[in-house]
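Lettering follows sequence order; numbering is per chain, from 1.
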Amino acid sequence: MPVLNRQVANILDRLADTLDIEGANEFRVRAYKSAAQTIRSLSKNVSEMVENNEDISKLPNIGDSMADKIKEIVETGSLKQLKKAKKRIPEGLIDLLDISNLGPKRVQKLNQELDIKNIDDLKKAAKDEKIREIEGFGKKTEEKILEESEKQISDKEKDRLKWRDAREITEPLLDYLKKLDEIDQIDIAGSYRRCKETIGDLDILVICEDSKKTMEHFVSYEDTDDVISKGDTRSSIRLTSGLQVDLRVVSKKSYGSALVYFTGSKAHNIKIRKIAGDKDLKINEYGVFKGDDQVAGKTEEEVYEQIDLKYIEPELREDRGEIDASRNDDLPKLVTLEDIRGDLQSHTKASDGKYTMEEMVNAAKEKGYDYFAITDHSQRVTMARGLNEKRMEEQIKKMEELNKEIKGIRILKAVEVDILEDGSLDLEDEILKELDVVVCSVHYNRNLSQKKQTKRILKAMENPYFNILGHPTGRIIQKRDPIEVNMEEIFKTAKDYNIHMELNASPERLDLSDFYCKTARETGIKIAISTDAHMKSHLDNMIYGVNQARRGWLEKEDVLNTHKWSNLKKMLKRN
DNA sequence: GCCGTTTTCGGCCCGACTGTTTTCAGTCG
């Protein structure tokens with residue numbers, strides 16, 4: 001069982017947090033954090049890289065010492081240094097860092113002054129009004145801490161895995177299961193198949209010749225932490241990651257209906273069962289029945305056909321109009337990864353990317369892209385060494401030169417320019433007008449009221465060079481709420497100006513949401529699915545964006561970067 | 001701990017905001 005990237009990254013992150021609380025050098029802490037980030041976002045499995053003797057110290061943010069630690073994790077599953085650190089710092093203390101306004105210094109202080117060791121201790125101390133007595137804390141801080149620590153404990157959403165993380169766990173499990181000859185067919189159902197942003201548990205269906213042997217094989221999976229139940233038709237395990245996996249053995253004649261049933265969503269299933277009822281049919285996981293006779297169930301197509309529906313892609317099964325669309329033969333022909341011709345947001349060393357422009361462009365070329373936009377940050381984003389007008393000029397020159405040098409791909413001269421608080425853009429129009437693509441994003445002053453935030457973005461859109469609104473809501477899944485903004489109004493104005501929305505494909509963001517993708521499409525707005533790559537491996541994140549786009553009903557036509565450059569160029573013309 | 005077209009040592013992302021103070025530390029993006 002190879003160690004997963006996420007596990008390696010978690011150990012490094014954990015160590016960083018521990019060191020941070022202990023008051024270690026902040027740059028050392030940051031080094032561990034950025035190494036974790038690198039590993040987490042790799043598209044290859046770092047264990048395999050180590051096995052194949054690839055030089056991982058060539059990866060960004062990973063030097064010789066970090067490479068050794070990673071090797072240790074890959075080979076032993078853990079890190080001695082972290083074990084030692086855990087003896088010094090209570091484990092529950094690290095969870096306190098998740099509470100906003102609590103950083104390493106305050107956590108350390110809470111531990112020293114009040115002997116707080118975990119969230120429960122923290123909550124109690126806040127309730128008892130002990131925290132306000134500590135120097136540097138006060139009534140307001142204490143109230144905020146209490147509010148958040150209560151929310152923290154009840155926050156079930158945190159237990160769900162992001163789709164990308166679920167995939168990392170799921171693929172080796174699937175490979176393992178497929179090794180058994182007795183298994184004829186295997187599919188993952190549930191929210192994973194629907195490509196939801198986060199996954200609660202995993203439902204796997206199989207057709208097999210020997211269910212006892214299959215179940216035995218399943219519960220013997222190396223990464224199993226706990227066998228919850230084991231039967232002939234259904235078994236349930238918990239993996240070391242905490243993910244619960246159910247395996248169901250299904251008969252051939254019921255496979256399609258079982259797949260429909262366990263793929264869900266619940267709301268979708270309720271609707272189709274009702275339609276069946278109206279036709280005197282009954283749909284369950286075993287088939288479609290007329291009285292006691294099974295009339296369909298072998299394939300999903302068959303099941304839908306019985307109730308006069310066309311096959312509905314799993315990503316659409318959310319009861320958001322897909323059933324009517326199917327009945328009227330009006331389902332979208334969903335965009336696929338193969339339709340993508342380029343990437344419209346990426347960063348280089350000029351700002352906070354990890355590779356040079358040449359390296360990024362060549363990596364994009366290897367993907368077979370026709371075009372690739374380099375969109376480094378503008379000056380306001382100081383933490384990313386954003387570009388001012390002068391450096392932007394140089395960047396443009398470099399893009400032009402590189403365009404002559406590198407054949408087979410077109411570099412789009414571009415920028416990710418900040419939308420400032422007053423709604424102006426962070427670079428002069430003089431320079432923006434030289435660019436092929438201008439992506440505009442909010443990074444600062446995220447906590448404005450909805451009215452002010454909306455006004456800010458609408459004002460920015462008046463700028464005649466504004467092409468694409470980058471990561472429109474700024475949310476980070478399970479971590480940061482979206483900014484408050486009236487999206488309907490923004491879409492309306494975007495439509496008027498011929499401005500497009502980004503669907504940021506980063507698995508942590510997936511911003512726009514599926515819901516807003518659908519609304520955008522209905523408003524007639526095009527979507528750019530962009531990876532926002534900060535390293536070469538991030539270019540592989542496109543699939544997550546495409547998944548989300550499919551959940552948002554997007555067709556090839558709706559997606560800007562499925563179009564040829566000659567078309568795209570016209571589509572970027574402003575009204 | 002990482003990194004290097006000035007550096008193998010000495011930098012490293014820096015400014016705004018908040019609540020606590022009464023001049024600033026801690027946190028955040």
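In this entry the distance linking CD of Gln108(A) with P of dT27(B) reads 10 Å, nearest Å. What separates CG of Asn101(A) from P of dA25(B) is a distance of 18 Å, to the nearest Å. For the pair Asp481(A) CG and dC28(B) P, the interatomic distance rounds to 14 Å; values are reported in whole Å. Rounded to a whole Å, the OH atom of Tyr32(A) is 16 Å from the C1' atom of dC12(B). Rounded to whole Å, atom P of dA16(B) lies 15 Å from atom CG of Leu448(A). Here dT27(B) presents its C1' atom at 12 Å from CD of Glu26(A), a figure rounded to the nearest Å. Put simply, CD1 on Ile134(A) is 17 Å from C1' on dT21(B), counting in whole angstrom units.
Here Arg28(A) lies in heavy-atom contact (under 4.0 Å) with a base. Residue contacts shown for Lys109(A) are absent, as no nucleic acid heavy atom lies under 4.0 Å away. Residue contacts shown for Arg30(A) include a base, since a base heavy atom lies under 4.0 Å away. Here Asn445(A) lies in heavy-atom contact (under 4.0 Å) with sugar-phosphate atoms only. Residue Ala384(A) is in base contact, counting any heavy-atom pair closer than 4.0 Å across all strands shown. Looking at heavy-atom distances under 4.0 Å, Lys354(A) makes no contact with the nucleic acid at all. Among the atoms of the strands shown, only primed sugar atoms or phosphate atoms (P, OP1, OP2) are found under 4.0 Å from some heavy atom of Ser100(A). As judged by a 4.0 angstrom heavy-atom cut-off over every strand, Lys33(A) is placed among residues making no nucleic acid contact.
The phosphate of dT18(B) has neither OP1 nor OP2 within less than 4.0 Å of any side-chain N or O from Lys144(A). Applying the 4.0 Å criterion to OP1 and OP2 of dT18(B), one finds that Lys139(A) has every side-chain N and O outside that range. Contact annotation: Thr141(A) side-chain N/O to dT20(B) OP1/OP2 distance is under 4.0 Å.
A side-chain donor-acceptor contact under 3.5 Å links Glu389(A) to the backbone of Glu428(A).
The CG atom of Asn467(A) sits 7.5 Å away from atom SG of Cys440(A), with the distance rounded to the nearest 0.5 Å.
Screening Gln548(A), Met501(A), Lys518(A), Glu502(A) for a side-chain contact (heavy atoms from CB on, under 4.5 Å) with Leu512(A), the sole residue that qualifies is Met501(A). When the options Arg509(A), Arg167(A), Glu508(A) are evaluated for a side chain to side chain donor-acceptor pair (under 3.5 Å) with Tyr544(A), the one that passes is Arg167(A). Exactly one residue among Lys117(A), Lys83(A), Arg14(A) makes a salt bridge (Lys or Arg N to Asp or Glu O under 4.0 Å) with Glu91(A). That residue is Arg14(A).
Out of dT18(B), dC2(B), dG26(B), the shortest distance to the side chain of Ser65(A) is found at dC2(B). Side-chain atoms of Asn25(A) lie closest to dG1(B) of the nucleotides dA16(B), dG1(B), dT20(B). Side-chain proximity of Ala31(A) to the nucleotides dG19(B), dG1(B), dT27(B) is greatest for dG1(B). Of the candidates dT20(B), dG1(B), dA16(B), dA16(B) carries the atom nearest the Arg380(A) side chain, counting heavy atoms from C-beta on. Nearest nucleotide to the Lys140(A) side chain, out of dC12(B), dG19(B), dG26(B): dG19(B).
Nucleotides dT22(B) and dC14(B) are separated by 25 Å at their C1' atoms, to the nearest Å. Nucleotides dT6(B) and dG11(B) have their C1' atoms positioned 13 Å apart, rounded to a whole Å.
A salt bridge is defined here as a Lys NZ or Arg NE, NH1 or NH2 lying under 4.0 Å from an Asp or Glu carboxylate O, and Arg456(A) with Glu421(A) fails to meet this definition.
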